[in-house]
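Positions are given from 1, in the same order as the sequence printed here.
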Amino acid sequence: MARLWNLVSVLVLALAASLAEAATRDGRPHANTPRRPSVPVVPMPADAPVTSRNGTQLPPYNQTYFFTQLIDHTNPALGTFQQRYWTTAEWYEEGGPIVLFTPGEANAQPYGAYLTNRTVNGQIAQLLGGVTIVLEHRYYGLSNPYGDLSVQSLKYHTVQQAIDDLEYFAKNVDLPMAGGDALKVGQAPWVLVGGSYSGALTSFTMVNKPNVFQAAYASSAVVESITDYWGYYEPIRQFMAPNCSADIEAAIAHLDQVFTSGSKQEINNIKAMFNMSALTHLDDIAGALRNNLWDWQNLSPASNGGIFFQFCDALEVKDGVNAGPNGWGAEHALQAWAAYWMGTYNATQDIFADISVDDANRSWTWIVCNEMGFYQDAAPLSHPTLVSRLLQPAYDERMCAYYFPEAFAHLSRPPVPNVAATNKAYDGWFVQVDHLFFANGHRDPWREATLAADGTSFKSTAGQPLAISDGFHCSDLGTANGLVDPTVLAVQQQGIQAVTEWLKEWKPSKH
């Protein structure tokens, strides 16, 4: 055991800096906050004047505009709020499409590149002479009906209200460009684009609001809401290095054995090994070890590695030698997987009480607790697992009452999201609508909630194509990924071609 402790100490120092950096970069408040199904941020082009096709100088990409949105689409008399958006007519030609995108559960300001041809949105607009728009989702960033994220305010934060926002925007916006008051739905063809949660929102909108958008492109769309989303780790297990997977499974099995049947001293030794002696709940320790697996979501074909691979290198390279396919074993693999730990059983922590706006984790947790689930926990007993079997949905569900005591604290057990209602309302995996393109990646950790999930056999059709690349999460949305991965490029080209053909069928109408 002394040898193991020495090895752990070395690995703590080797990984601490990179893991602390990961915490800062993804913005999660602590190590047991699961990853959101977010759209990757694409780097903006270097600052330069934006000009139209006729040479007219246009506002910069970061020019912010505001749309007067309804707070409650079932009760317009309740009032309105200001919803932020960004747009450019860089490639617009008369008759071209309006390409609308929302990044979903995030402050939309960093997503300016989705106006440009660095993304599939801009590729569509450039090819077809269109306008691009990035619209901030209600209750994210600075697009909030009220001045806080209290339960009373979040009453109007639902999937259906977000769908209604997209329709109301497309039917009523006066775009800040010449002739922009005559480009509403019916006056111009609109294309809806989304990825991950906003990809699901794209599918949901096409189901719920037929005949509003002429075409839609949904990337890594998590259309099936799932409470016990252990499948998050399946693509990771399947595509990570076999030696790394073997060692993680061995380490987790050892930890579970100690935590469930070991002596108090054995448990305390592992807690000390991970610098978490102060934590009293063993599932907090087990839950924190998910962090390096969550780093997989940051990968893309163009990323040239990442923190996830540094983590595996730390496990699998010993004295300059790589482990074989079976890894080095649990003794070598057990090490400090993160340098930031935090317990989740203290309901008085600031993260639970803070109701300030522009807190994407709080806003997303409300949707998770009520409508969509996606708790990233252990696999069934019959299946290999990369995370501790101490982690079951109830572990994450109990935090709903910590975040939102006014809504859930009165319950005798943790609240369970009504995923059945969401799947019924918007068809989930079984969506069948025309003019909707689905793009997925084999290595996407959110794959198991998409139409590319293992065990499904959804067919690609002319009206609803399904294309799958070797990419990661929303890889096909970024132009750069298609330049280095021909399978991603093929998906992008197929999607753009489908949208092009569907737009040829558009005719003006009155809405």
Side-chain angles (χ1 to χ4, degrees), residues 39 87 89 91-102 114-115 117 119-135 163 166-167 169-171 173 175 182-195 198-221 223 426-427 429-440 450-452 458-469 474 476-477 479 482 488-511:
V39 177
T87 184
W91 300 291
Y92 182 68
E93 295 178 349
E94 186 175 354
I98 312 303
V99 183
L100 175 63
F101 168 81
T102 176
Y114 282 81
L115 299 174
N117 60 7
T119 62
V120 74
N121 313 38
Q123 290 188 51
I124 293 170
Q126 185 175 25
L127 177 66
L128 302 176
V131 172
T132 52
I133 302 171
V134 172
L135 177 67
I163 292 170
L166 296 174
E167 177 191 36
F169 180 88
K171 289 184 174 181
V173 69
L175 293 175
L183 294 175
K184 302 173 180 63
V185 166
Q187 299 171 316
W190 281 64
V191 179
L192 183 60
V193 180
S198 78
L201 197 64
T202 296
S203 177
F204 298 168
T205 302
M206 294 296 282
V207 171
N208 190 254
K209 304 291 182 183
N211 305 317
V212 173
F213 295 94
Q214 179 64 17
Y217 185 115
S219 173
S220 295
V223 293
Y426 309 115
D427 295 344
W429 275 326
F430 303 98
V431 55
Q432 290 185 342
V433 295
D434 284 335
H435 294 189
L436 173 57
F437 180 82
F438 282 106
N440 290 295
T450 75
L451 295 186
F458 300 110
K459 304 299 183 184
S460 181
T461 65
Q464 187 177 291
L466 170 60
I468 307 174
S469 74
C474 296
D476 54 282
L477 289 181
T479 300
V488 173
L489 178 62
V491 168
Q492 293 171 335
Q493 291 173 335
Q494 185 178 342
I496 293 170
Q497 182 60 35
V499 169
T500 300
E501 293 302 315
W502 294 333
L503 289 178
K504 291 177 181 178
E505 303 173 18
W506 179 81
K507 294 180 175 61
S509 63
K510 293 182 179 180
H511 281 264

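- Between the Thr87 side chain and the Thr132 main chain, a donor and an acceptor come within less than 3.5 Å of each other.
- Taking CD1 of Ile496 as the reference point, atom CG of Leu127 lies at 7.0 Å (rounded to 0.5 Å).
- Shown here is Glu93, whose CD atom has more than 12 heavy atoms of other residues, nucleotides or ligands within 6.0 Å.
- Closest non-hydrogen pair, Thr202 versus Leu436, comes out as CG2-CD1, 4.3 Å.
- Under a 3.5 Å cut-off, the side chain of Gln464 and the backbone N or O of Thr461 do not form any donor-acceptor pair.
- At distances below 3.5 Å, at least one donor-acceptor pair connects side-chain atoms of Ser198 with backbone N or O atoms of Thr102.
- In this structure the side chain of Val207 reaches within 4.5 angstrom of the side chain of Val433, judged on heavy atoms.
- Note that CD1 of Ile163 is 10.0 Å distant from CG of Leu192, once rounded to the nearest 0.5 Å.
- At least one donor-acceptor pair closer than 3.5 Å links the side chain of Ser460 to the backbone N or O of Leu466.
- Looking at Gln497 and Glu501, their side chains do bring a donor and an acceptor atom within 3.5 Å of each other.
- The aromatic rings of Phe430 and Phe458 lie perpendicular to each other, with more than 60° between the two planes, well past the 30° mark.
- Nearest heavy-atom pair, Phe437 versus Ala498, reported as atom, atom and distance to 0.1 Å: CD1-CB, 4.3 Å.
- If you check the side chains of Ser219 and Asp476, you find a donor sitting under 3.5 Å from an acceptor.
- When all heavy atoms of Gly495 and Tyr217 are compared, the pair lying nearest together is CA-CE1, 3.8 Å.
- Shown here for Tyr92 and Gly95, the closest heavy-atom pair between the two residues is OH-N, 3.5 Å.
- Counting all heavy atoms, side chain and backbone alike, Asp434 lies closest to Met206 at O-CE, 3.7 Å.
- For the pair Leu166 and Leu201, the minimum side-chain heavy-atom distance is below 4.5 Å.
- Annotation: the span from Ile124 atom CD1 to Gln492 atom CD amounts to 10.0 Å, rounded to 0.5 Å.
- Among pairs with a residue in residues 198-212, those fulfilling salt bridge (Lys or Arg N to Asp or Glu O under 4.0 Å) read Asp164-Lys209, Glu167-Lys209, at least two apart in sequence or across chains.
- With sequence neighbours excluded, the residues satisfying side-chain contact (heavy atoms from CB on, under 4.5 Å) with Ala221 are Ala218, Val223, Phe438.
- For Ser220 (side chain) and Asn440 (main-chain N/O), no donor-acceptor pair under 3.5 Å exists by modelled atom type.
- Residues Gln214 and Pro189 come closest through the heavy atom pair CB-CB, 4.4 Å.
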Where do Leu175 and Ile98 land on the side chain to side chain contact (heavy atoms under 4.5 Å, CB included) test, with the steps shown first? CA-CA 10 Å; Leu175 293 175; Ile98 312 303; 4.3 Å; yes

Start with the C-alpha gap between Gln432 and Asp427, add the side-chain angles, then the distance that decides, and say whether side chain to side chain contact (heavy atoms under 4.5 Å, CB included) holds. CA-CA 8 Å; Gln432 290 185 342; Asp427 295 344; over 6 Å; no

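- Of the inter-residue distances, the one linking Ile133 atom CD1 with Asn121 atom CG reads 11.0 Å to the nearest 0.5 angstrom.
- How far CH2 of Trp91 is from CG of Asn117: 4.5 Å, rounded to the nearest 0.5 Å.
- Looking only at side-chain heavy atoms (C-beta outward), Thr119 and Phe101 stay at 4.5 Å or farther from each other.
- In this structure, Trp190 and Phe213 have perpendicular ring planes: the angle between them is above 60°, well past the 30° mark.
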